[in-house]
Amino acid sequence: MLVLLSYFMKASHLILGTQRENPADAEIISHQFMIRAGLIRQVSSGIYNWLPLGKKVLQKVENIIRKGMNDAGAQEILMPMVQPASLWEESGRIDKYGQELLVFFDRHENKFCLGPTHEEIITDLCKNLITSYKQLPLNLYQIQTKFRDEIRPRFGVMRSREFIMKDAYSFDIDKEGMDKSYSIMKEAYIQIFDAIGLNYRIVKADSGAIGGSDSEEFHVLADAGEDLLAFSDKSDYAINAELLAEHKESKNPASLEGMPSPDGKGLLKLKRGIEVGHIFKLGSKYSEVLNLKIQGEDKDIYPEMGCYGIGASRIVAASIEQNYDDKGIIWPKSLAPFEVAIVEVNQKSKEEIKRKCSEIYQLLKDNKIDVLWDDRDKRPGVKFADMEVIGIPFTIIIGERTIETGEIELKERQDEKPKLVSHQDLVSIIKG
RNA sequence: CGGGGCGUGGCGCAGUCUGGUAGCGCACCACACUGGGGGUGUGGUGGUCGCUGGUUCAAAUCCAGCCGUCCCGACCA
């Protein structure tokens, strides 16, 4: 019996955690809907619990990233969240990161910090792991919780202190190799963000505190974005507006609108974006300062490194900022916590309704479709509203109206009314 | 760190000015009705009013200090 219950993904057994009212302290859309749809609950400023539905979405993001990285030849590892501060002293970044680095002491009075990023750890790891140039090129990545003690965390998981990030690090014998690793990662990122299915852009970026030369950012376009991006209306020139403003000296980014594009083609247009990915060429900065030296063909070399981040938890919020309506979240199919919901209407009056739900549920399961069966003893309006705020792409409605006809009512998230489809077509329509 | 809010059951709020038995809506539990867009009724559960100290016969309410949290700014991915 227990096996049977857990096998069925029924709403009556699932912690949905939906709320009818907006929490008072959530300002932006994604934060409001993430709480109302039962994805997250706040623990402390910039620190969140991920509830079952939120965790499911997050896992979908992670798996798309994982596949893209593996396909590109990167190897997954897991590094510790707790790092000895001595490594940060060695790299000289303990001061540069400053208060954003959360420092503490263990019982032996040794100084540690919570990892905001892992250049130090991975470089140190490779000192023992990589001994010959023949092992290069190499790309190692992890998907893990990061902690940055933000001055002002805000907007839910958009700018939180604790967040889930994929970070990858490449090692090459020379600059040409690094350039190649960088382009492979850029290509992998394009595949990953295409697979997620959000509207995004790649822009030139500032390499900031991470250091290094070339760097590009991947932005999900959304009005709530914290970054301003500048595009040429005639070419594919695109840059983080803040960086361009710096080059132009003391211009504020918003004033760039309508100015000539620096590549000489067309005029600049501005759009807001949420940074969800960032790729850097680091060079030998970290390998030198942390003394990662490996044997080359004829002499020792410091590997040329690159690092590549994707904000997994931020993507969840960014997706919502880009796709929502007054009823709630609208997920792309790639991220939806369930692909389809079955809403059981008027369930008490007829035994056939329950039987029909069970039959459809089984059909979908057999076709590997991720389905939620809303079997709760609630009024239809409540169920519809919940499925809509959660943002499930399809809803199948099973009730007295169609129980006799054999047809199935299928409603897409953004449609007002359901369509009647045949039993045979159901699976192919949902699979799209 | 500067400026501005807010802290009262899980959520949204009233009550604070003017001290006198902690309230409302939603959610939750039970029963009945209801049953295709957040339904109705009856009866319930649940709160040291952020914390500490002070004033007072009496403090959610007045005073002081502290803490938490949100927004704007500086900063940052």
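Lettering follows sequence order; numbering is per chain, from 1.
Electrostatic pairing of A/Asp149 and A/Arg161 counts as a salt bridge here, judged by a charged N lying under 4.0 Å from a carboxylate O. Note on A/Lys166 versus A/Glu62: no salt bridge recorded, every NZ/NE/NH1/NH2 to OD/OE distance being 4.0 Å or above. Taking a cutoff of 4.0 Å between a charged side-chain nitrogen and a carboxylate oxygen, A/Asp370 and A/Lys60 qualify as a salt bridge. Residues A/Glu119 and A/Lys285 are not paired through a salt bridge, judged by the lack of any N-O separation under 4.0 Å between the basic side chain and the carboxylate.
Among the heavy atoms of the strands lying under 4.0 Å from A/Gly399 is at least one base atom, whether or not backbone atoms are also near. A/Ile397 comes within 4.0 angstrom of a base, heavy atoms only. Among the atoms of the strands shown, none is found under 4.0 Å from any heavy atom of A/Lys417. Contact annotation for A/Ala24: backbone-only contact, meaning every heavy-atom pair under 4.0 Å involves sugar-phosphate atoms and none involves a base. Heavy atoms of A/Glu226 sit nowhere under 4.0 angstrom from any nucleic acid atom. Backbone-only engagement by A/Phe155 is indicated by non-hydrogen atom pairs under 4.0 Å involving sugar-phosphate atoms exclusively. When heavy atoms are screened at a 4.0 angstrom cut-off, A/Glu275 is found touching the sugar-phosphate backbone but no base atom. Among the heavy atoms of the strands, none lies under 4.0 Å from A/Thr18. A/Glu242 comes within 4.0 angstrom of no nucleic acid atom, judged by non-hydrogen atoms across all strands.
At a cut-off of 3.5 angstrom, the base of B/G35 holds no donor-acceptor pair with the side chain of A/Glu344. Donor-acceptor pairing under 3.5 Å, judged by distance alone, is present between the side chain of A/Glu21 and the base of B/G25. On a pure distance criterion of 3.5 Å, no polar donor-acceptor pair joins the side chain of A/Glu400 and the base of B/G35. The base of B/G5 does not come close enough to the side chain of A/Asp25 for any donor and acceptor atom to sit less than 3.5 Å apart.
Following rounding to the nearest Å, A/Arg93 (CZ) and B/C76 (P) show an atom-to-atom distance of 14 Å. Atom CD1 in A/Ile353 sits about 13 Å away from atom P in B/G35, given to the nearest Å. At whole-Å resolution of the value, CG in A/Asp377 and P in B/U34 are 13 Å apart. Rounded to an integer number of Å, the gap from A/Arg152 CZ to B/A77 P is 17 Å. As rounded to whole Å, 10 Å separates atom P of B/G68 from atom CZ of A/Arg161. At whole-Å resolution of the value, CD1 in A/Ile15 and P in B/A27 are 18 Å apart. In this structure, OH of A/Tyr48 is placed 10 Å from C1' of B/C70, rounded to the nearest angstrom. One atom, CG of A/Asp386, and another, P of B/C26, lie 17 Å apart when rounded to the nearest Å.
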Determine, step by step, whether A/Glu416 and A/Lys327 satisfy the salt bridge (charged side-chain N to carboxylate O under 4.0 Å, His left out) criterion, reporting the C-alpha distance in whole Å, the side-chain angles of both residues, the deciding distance to 0.1 Å, and the verdict.
CA-CA 11 Å; A/Glu416 272 301 311; A/Lys327 291 173 178 161; 3.3 Å; yes
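Taking atom C1' on both B/A14 and B/G25, the two are 11 Å apart, rounded to the nearest angstrom. Going from the C1' atom of B/A58 to that of B/G19 covers 8 Å, rounded to whole Å. On the P atoms, B/G20 is 11 Å away from B/A59, given to the nearest whole Å.
B/U40 is paired with B/A32 under the Watson-Crick or G-U wobble criterion, all donor-acceptor distances under 3.5 Å. Searching all strands for a Watson-Crick or G-U wobble partner of B/C1 with both distances below 3.5 Å returns B/G73. Base-pair partner of B/U45: not found among the strands shown (Watson-Crick or G-U wobble, both distances under 3.5 Å). Taking a pair to require two hydrogen-bonding distances under 3.5 Å in either a Watson-Crick or a G-U wobble arrangement, B/U52 pairs with B/A64.
Not one side-chain nitrogen or oxygen of A/Gln99 sits closer than 4.0 Å to the OP1 or OP2 atom of B/C76. Note on A/Lys166: every side-chain N or O is 4.0 Å or more away from OP1 and OP2 of B/A77. Contact annotation: A/Arg154 does not reach the phosphate of B/C70 (side-chain N/O to OP1 or OP2, under 4.0 Å). Distances shorter than 4.0 Å separate none of the side-chain N or O atoms of A/Ser45 from OP1 or OP2 on B/G68. Remark: A/Arg379 is not in phosphate contact with B/G36, judged by side-chain N or O atoms under 4.0 Å from OP1 or OP2.
The shortest distance between side-chain heavy atoms of A/Arg66 and A/Tyr141 falls below 4.5 Å. Residues A/Thr123 and A/Met305 meet the side-chain proximity criterion, which asks for heavy atoms closer than 4.5 Å.
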